[in-house]
Amino acid sequence: MAGLMFNVLLQLLCLSGAAMWAVRGEDPYFFFTWNITYGTISPLGVPQKGILINGQFPGPNINSTSNNNIVVNVFNNLDEPFLLHWSGIQHRKNSWQDGVLGTNCPIPPGTNFTYHFQVKDQIGSFFYYPSTAIHRAAGAFGGLRVNSRLLIPVPYADPEDDYTVLVGDWYTKTHTALKQTLDSGLSIARPAGVLINGKSAKGDGTDEPLFTMKPGKTYKYRVCNVGLKTSLNFRLQGHTMKLVEMEGSHTVQNDYQSLDIHVGQCFSVLVTANQEAKDYYMVASTRFTKNVLVGKGIVRYTNGKAPASPDIPEAPVGWAWSLNQFRTFRWNLTASAARPNPQGSYHYGSINITRTIKLVNSATQVDGKLRYAINGVSHVDPETPLKLAEYFGIADKVFKYDTISDEGLPKDATTVTTVAPNVVNATFRNFIEIIFENHEKSIQSWNLDGHSFFAVAIEPGRWSPQKRSNYNLLDAVSRHTIQVFPKSWAAILLTLDNAGMWNLRSELTENRYLGQQLYLSVLSPARSLRDEYNIPDNTLLCGSVEGMPLPKPYTI
């Protein structure tokens, strides 16, 4: 009956851009109908072709609560294939909904596809974006928040309002031109500016406020770096920010004047309107770049009349400051997240590590063109998505497992880079350690789908087993994105407790597009519905699996 009811409700998608329905015995459903189109936008004053969702740039926010079912019917009105990825959403047992080219066939032009996923056992601040080509450079990104259920207390008073802030670098070249640059073997170089919610204040007195605050009230700002390649420093003129959440984890509530936010990362801060009633600048400026670019937005007190001061607070300089700030981030051990038990009841530091994987990123030339690699392999997406090839039993015809070593790059490694699908065969429910070594002169940002991990260390130099003595094994923040500074390393610990095919990638769009990503194949030997869902009925099939009969479904 519930399945029949769901199908009936699905037909109602066309009636509204968003709707909420409750099915008896199930968690609530939220329905969205999104039309993806091109449109002219001018966020930096230069008209360019953008990608809009229901005519909006940035796209609409999704506001959900733990365990809600999200159903998004995406109509691709572009002239090229398209996918949306839900960054930070773990899709428990359901990598079919992840929206990356290793799991999903892209949505062909002129057709639609309906995502259906549950934000199971999660809270926090996330975002979505297009994972195909360089579409992220044109828009179609937006905020995705998962609120705590009412029965689980949040470790701070309810704010007066809850705001989403999407910051990111921006290029005035079209996504098509940027893709052509990368396909020709060149870098897309430096961005043209920085946007805050798709805009950048001119500062000439004509700017409308992005947000308003009532004097004496406290507000929650969810900040995500949705840009292509640049770390940013975020600050609010004249105000202190109290960090309370980071990518799905409640944090120890320290106060900051500014916070570095690297590509793909999100955090939530509380800001109290306790200053003179007037306008203030919200500022996001580039970090680790030769020329600093600044994006601004107006925050207005409701009874304020005076303009914002032109004196913008200075940003920090150098990455040592950013590293030291990272070390101040701590997991709130006593707070409850999506479940009633305190976060600190999970003692990750006492679990034995069963496997260590060291990943070394590199930039190289292949046939005279720029490529990026992990352990000497530069990933390419085959015509048949990896997950589909594996599920239909033809993986051996599409890709090879374990083309990279767990040991990183050998010291005597040649400069030869292999261009091929990069899939690591991982063991379900193993507790593993991943080391990211960055031998380059630029910062990295890494994201893992389907899981959260404990960011236990970032240090300069090269990693060795002796460095484990420096790990934070008590209250490292559980999150899904971590930065690695130049000539440095980072270590994460996690349990591979979510069966599926999961993307581990550089969040820097250029690096990802040119091969700096891999997939973790986490298979349950039981092939049971307890561990992973069957392929959805509406799954798009392409490549070698198109027309093949469906495999025998999983059972309990």
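Here the structure is a predicted model, which is why all the values come from computation and not from measurement.
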Worked check of side-chain contact (heavy atoms from CB on, under 4.5 Å) between L270 and M241:
CA-CA 6 Å; L270 298 179; M241 302 179 292; over 6 Å; no
If we ignore angles and hydrogens, is there a donor and acceptor under 3.5 Å between the side chains of N112 and N76?
no
Passing option when F211 is tested against Y163, Y281, Y301 for ring-ring contact (aromatic ring centres under 6.0 Å, His included):
Y163
Test: R287 and D260 ion pair at under 4.0 Å:
yes
Can a salt bridge be assigned to the pair K220 and D158 using a cut-off of 4.0 Å between side-chain N and carboxylate O?
no
In terms of the angle between their ring planes, are H91 and F117 parallel, tilted or perpendicular, with boundaries placed at 30° and 60°?
perpendicular
Side chains of Q122 and S66: any donor to acceptor distance under 3.5 Å?
no
Take Q97 and Y533 through the test side chain to side chain donor-acceptor pair (under 3.5 Å) and record every step on the way to the result.
CA-CA 11 Å; Q97 307 295 328; Y533 296 144; over 6 Å; no
Using a strict threshold of under 4.0 Å (side-chain N to carboxylate O), is an ion pair present between E507 and R136?
yes
Is there a donor-acceptor contact under 3.5 Å linking the side chains of Y219 and K214?
no
Check whether any side-chain heavy atom of F428 sits under 4.5 Å from a side-chain heavy atom of L496, and report yes or no.
no
Side chains of H347 and S350: any donor to acceptor distance under 3.5 Å?
no
Is there a donor-acceptor pair under 3.5 Å between the side chain of R235 and the backbone N or O of N233?
yes
Salt-bridge test for R429 and D531: reply yes if a basic N is under 4.0 Å from a carboxylate O, no otherwise.
yes
Do the side chains of R330 and D475 get close enough for a salt bridge, i.e. N-O under 4.0 angstrom?
yes
Min side-chain heavy-atom separation L144-T164 under 4.5 Å:
no
Keeping T272 on the side-chain end and N274 on the backbone end, is there a donor-acceptor pair under 3.5 Å?
no
Look at the rings of F141 and F57 and say which category their plane angle falls in: under 30° parallel, 30 to 60° tilted, over 60° perpendicular.
perpendicular
Side chain of S249, backbone of S478: donor and acceptor closer than 3.5 Å?
yes
What is the ring orientation for F436 with W446, classed by angle as parallel under 30°, tilted 30 to 60°, or perpendicular over 60°?
parallel
Any donor and acceptor pair, going by atom type alone, linking the side chain of N67 with main-chain N or O of A338 inside 3.5 Å?
no
Y221 and its side-chain contact (heavy atoms from CB on, under 4.5 Å) partner, picked from D161, V271, D162:
V271
Please check this pair: side chain of N332 against backbone of T334, looking for a donor-acceptor N/O pair closer than 3.5 Å.
yes
Contact between Y129 and S87 at the side-chain level, heavy atoms closer than 4.5 Å - yes or no?
yes
Enclosure of D255 CG (heavy-atom neighbours >12, cutoff 6.0 Å):
yes
As a quick check of understanding, evaluate side-chain contact (heavy atoms from CB on, under 4.5 Å) for N503 and L448, giving each step before the final call.
CA-CA 6 Å; N503 191 211; L448 175 61; over 6 Å; no
Thinking salt bridges, do E532 and K93 make one under a 4.0 Å N-O criterion?
no
Before giving the answer on side-chain contact (heavy atoms from CB on, under 4.5 Å), spell out for F30 and V72 the whole-Å C-alpha distance, their side-chain angles and the decisive distance to 0.1 Å.
CA-CA 8 Å; F30 286 82; V72 188; over 6 Å; no
Relative to the ring of H262, is the ring of F485 parallel (under 30°), tilted (30 to 60°) or perpendicular (over 60°)?
perpendicular
Can you tell me how far apart OG1 (T65) and CG (N147) are? Round to the nearest 0.5 Å.
4.5 Å
Quick one: does I298's side chain get under 4.5 Å of L210's, heavy atoms only?
no
In terms of the angle between their ring planes, are Y115 and W86 parallel, tilted or perpendicular, with boundaries placed at 30° and 60°?
perpendicular
Do the side-chain N and O atoms of N73 and T33 include a donor-acceptor pair separated by under 3.5 angstrom?
no
Would you confirm whether N498, through its side chain, and G450, through its main-chain N or O, come within 3.5 Å as a donor-acceptor pair?
yes
So, using side-chain contact (heavy atoms from CB on, under 4.5 Å) as the criterion, who are the partners of L243 when residues are at least two apart?
M246, T251, Y256, L259, F267, V269, F329
Residues in side-chain contact (heavy atoms from CB on, under 4.5 Å) contact with L529, at least two apart in sequence or another chain:
N534, Y554, I556
Nearest 0.5 Å, what's the CD1-CD1 distance between I107 and I36?
7.5 Å
R149 side-chain N/O to L151 backbone N/O, donor-acceptor pair under 3.5 Å:
no
Can you confirm whether more than 12 heavy atoms, excluding those of R327, are under 6.0 Å from its CZ atom?
yes
Flag yes if more than 12 heavy atoms outside R339 fall under 6.0 Å of its CZ atom; otherwise flag no.
no
Check whether H85 reaches the backbone of L83 with its side chain - one donor and one acceptor, N or O, closer than 3.5 Å.
no
Taking the six-membered ring for Trp, are W331 and F454 parallel (under 30°), tilted (30 to 60°) or perpendicular (over 60°)?
perpendicular
Relative to each other, are the rings of Y38 and H175 parallel, tilted or perpendicular (30° and 60° limits)?
parallel
Applying ring pair (Phe, Tyr, Trp, His ring centres under 6.0 Å) to F113 and F75, what does each step give before you reach the verdict?
CA-CA 7 Å; F113 174 73; F75 287 81; over 10 Å; no
Heavy atoms, side chains only, cut-off 4.5 Å: are T427 and T354 in contact?
no
Tell me if a side-chain donor or acceptor on N77 pairs with a main-chain N or O of T37 at a distance below 3.5 Å.
no
We want to know whether Q118 and D27 form a side-chain donor-acceptor pair, criterion being a heavy-atom distance below 3.5 angstrom.
yes
Would you say the side chains of S268 and R145 form a donor-acceptor pair under 3.5 Å?
no
To the nearest 0.5 Å, what is the distance between CD1 (I152) and CG (N341)?
8.5 Å
Short side-chain to backbone donor-acceptor contact, E247 and T481, under 3.5 Å
yes
Nearest 0.5 angstrom please: I351 CD1 to I432 CD1, how far?
12.5 Å
What distance separates N254 CG from Q325 CD, expressed to the nearest 0.5 Å?
10.0 Å
Could you please spell out the steps behind the side chain to side chain donor-acceptor pair (under 3.5 Å) verdict for Q444 and S506?
CA-CA 7 Å; Q444 263 288 357; S506 170; 3.0 Å; yes
Student check: side-chain heavy atoms of Y29 and V71 closer than 4.5 Å
yes
To the nearest 0.5 Å, tell me how far Q516 CD sits from N511 CG.
4.5 Å
Return yes if a side-chain donor-acceptor contact under 3.5 Å exists between S452 and H480, otherwise no.
no
Could you tell me how the ring of H379 sits relative to the ring of Y519: parallel (under 30°), tilted (30 to 60°) or perpendicular (over 60°)?
tilted
Polar side chain donor-acceptor pair, Q265 to S445, under 3.5 angstrom:
no
